[in-house]
Amino acid sequence: MARELLSAWAGIRDLRGPLITWAVREAGMTRTDVHDITSVARGTINRLLQRRSVQDA
């Protein structure tokens, strides 16, 4: 069971970047909103948004 739970968590974790990017850029959420809801650090949110900007360029 532990193996399955960790595999599921890893799959969801990998979707964090696209979801946070969409929430800020398309859904109009602030970085503060994302941090408050998810507890993802502001620095991590900033890095994810910068990474997506570089990939989009």
Side-chain angles (χ1 to χ4, degrees):
M1 180 174 185
R3 197 175 293 274
E4 288 85 9
L5 289 171
L6 287 170
S7 293
W9 171 76
I12 293 167
R13 182 203 60 213
D14 292 342
L15 298 175
R16 169 178 85 170
L19 179 56
I20 288 173
T21 301
W22 172 81
V24 173
R25 294 200 180 140
E26 305 296 326
M29 291 185 70
T30 66
R31 295 170 191 210
T32 300
D33 291 337
V34 172
H35 167 73
D36 289 345
I37 292 168
T38 65
S39 297
V40 172
R42 292 286 306 264
T44 300
I45 293 167
N46 291 337
R47 279 192 301 280
L48 289 170
L49 292 171
Q50 288 174 347
R51 187 174 303 142
R52 293 283 166 196
S53 292
V54 170
Q55 290 176 351
D56 293 343

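Here the structure is a predicted model, which is why all the values come from computation and not from measurement.
With rounding to the nearest 0.5 Å, the separation of OG1 in T38 from CD1 in I45 is 5.0 Å. Interatomic distance, R3 CZ to L6 CG, rounded to the nearest 0.5 Å: 9.0 Å. One distance of note links CZ of R51 with CG of N46; it measures 11.5 Å at 0.5 Å rounding.
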**Request:** Start with the C-alpha gap between T32 and R42, add the side-chain angles, then the distance that decides, and say whether side-chain contact (heavy atoms from CB on, under 4.5 Å) holds.
**Result:** CA-CA 8 Å; T32 300; R42 292 286 306 264; 3.0 Å; yes

**Message:** I'd like to know whether L49 forms a side-chain contact (heavy atoms from CB on, under 4.5 Å) with R25, so could you lay out the CA-CA distance, the side-chain angles of the two residues, the decisive distance to 0.1 Å, and finally the verdict.
**Reply:** CA-CA 9 Å; L49 292 171; R25 294 200 180 140; 4.1 Å; yes

**T30 and V24: CA distance, side-chain angles, deciding distance, side-chain contact (heavy atoms from CB on, under 4.5 Å) verdict** = CA-CA 6 Å; T30 66; V24 173; over 6 Å; no

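Residues satisfying the side chain to side chain donor-acceptor pair (under 3.5 Å) criterion with D36, sequence neighbours excluded, are absent altogether. Considering only residues two or more places apart in sequence or on other chains, R16 meets the side chain to side chain donor-acceptor pair (under 3.5 Å) condition with none of them.
Linking ILVMFWY side-chain heavy atoms closer than 4.5 Å, directly or via other members, places L48 and I37 in a single hydrophobic cluster.
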